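These notes are about the structure you will find just below.
Everything quoted here is computed from the prediction, not taken from an experiment.
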Amino acid sequence: MRKKELKLVVTFHTTTDAMAMEQVCQEQQVAGRLIPVPREISAGCGLAWCTVLECRDLIKDVMQKEGIEEEAMYECMV
């Protein structure tokens with residue numbers, strides 16, 4: 001079992017946006033992975049992008065450039 005750490009969790013309105021985020025981040029070698037939305041968070045599609053807190057500005061830039069719409073960003077133990 002992984003040790004829980006404070007992470008940045010980005011939720012999405014649609015599964016399409018979540019999958020687009022995964023593809024773009026893989027192509028651009030941006031750290032992170034898709035996860036099920038943590039229980040503490042309520043989100044539209046059930047998938048979230050999880051990454052280190054230091055990537056917040058990079059993630060925002062990537063989403064803006066690619067037209068990916070976030071539902072919300074959270075800092076939580078994952």
Side-chain angles (χ1 to χ4, degrees):
M1 184 174 217
R2 292 182 188 205
K3 180 182 171 188
K4 290 192 175 193
E5 299 176 10
L6 189 61
K7 299 279 187 163
L8 178 67
V9 176
V10 183
T11 60
F12 304 94
H13 294 287
T14 67
T15 303
T16 303
D17 281 335
M19 300 301 286
M21 183 67 170
E22 179 180 45
Q23 182 177 353
V24 167
C25 287
Q26 285 177 351
E27 290 170 359
Q28 296 183 20
Q29 298 181 339
V30 176
R33 63 189 173 97
L34 276 182
I35 63 168
V37 173
R39 290 185 197 137
E40 302 84 21
I41 300 171
S42 170
C45 79
L47 293 174
W49 186 254
C50 178
T51 190
V52 293
L53 295 174
E54 295 80 18
C55 284
R56 179 185 301 269
D57 292 334
L58 177 59
I59 292 295
K60 285 181 179 181
D61 289 342
V62 167
M63 289 190 300
Q64 183 178 12
K65 287 177 187 173
E66 297 296 326
I68 299 171
E69 188 176 332
E70 72 188 68
E71 183 174 3
M73 283 192 183
Y74 301 90
E75 291 182 10
C76 57
M77 297 297 285
V78 179

- Query: Between Pro38 and Val9, what is the shortest heavy-atom contact and its length?
  - Reply: CD-CG1, 4.2 Å
Measure the [atom1]-[atom2] distance between [X] and [Y] for me, rounded to the nearest 0.5 Å.
X: Glu70; Y: Asp17; atom1: CD; atom2: CG; result: 10.0 Å
X: His13; Y: Cys45; atom1: NE2; atom2: SG; result: 10.0 Å
X: Cys50; Y: Glu5; atom1: SG; atom2: CD; result: 9.0 Å
X: Cys55; Y: Lys7; atom1: SG; atom2: NZ; result: 9.5 Å
X: Met21; Y: Arg33; atom1: CE; atom2: CZ; result: 14.0 Å

- Start with the C-alpha distance between Met73 and Trp49, add both sets of side-chain angles, then the distance that settles side chain to side chain contact (heavy atoms under 4.5 Å, CB included), and finish with yes or no. CA-CA 9 Å; Met73 283 192 183; Trp49 186 254; over 6 Å; no
- Step through the shown structure and confirm whether more than 12 heavy atoms of other residues, nucleotides or ligands are within 6.0 Å of CE on Met19. no
- Item | Intermediate values then yes/no, side chain to side chain contact (heavy atoms under 4.5 Å, CB included), Leu47 and Val37 | CA-CA 5 Å; Leu47 293 174; Val37 173; 5.5 Å; no
- Item | Summary of salt bridge (charged side-chain N to carboxylate O under 4.0 Å, His left out) pairs that have at least one residue in residues 50-63, sequence neighbours excluded | Arg56-Glu75
- Query: Applying the 4.5 Å side-chain criterion to the ILVMFWY set and letting contacts propagate, would Ile41 and Val52 be lumped into a single cluster?
  - Reply: no
- Message: Side chains of Val10 and Ile59, heavy atoms from C-beta outward: is any pair under 4.5 Å?
- Response: yes
- Message: Going by the rule side-chain hydrogen bond (donor to acceptor under 3.5 Å, both in side chains), which residues pair with Gln23 if we only count those two or more places apart in sequence or in a different chain?
- Response: Glu27
- Query: Is there a donor-acceptor pair under 3.5 Å between the side chain of Thr51 and the backbone N or O of Leu8?
  - Reply: no
- Task: Output, in order, the C-alpha distance, side-chain angles, deciding distance and verdict of side chain to side chain contact (heavy atoms under 4.5 Å, CB included) for Glu66 and Gln28.
- Result: CA-CA 11 Å; Glu66 297 296 326; Gln28 296 183 20; 3.6 Å; yes
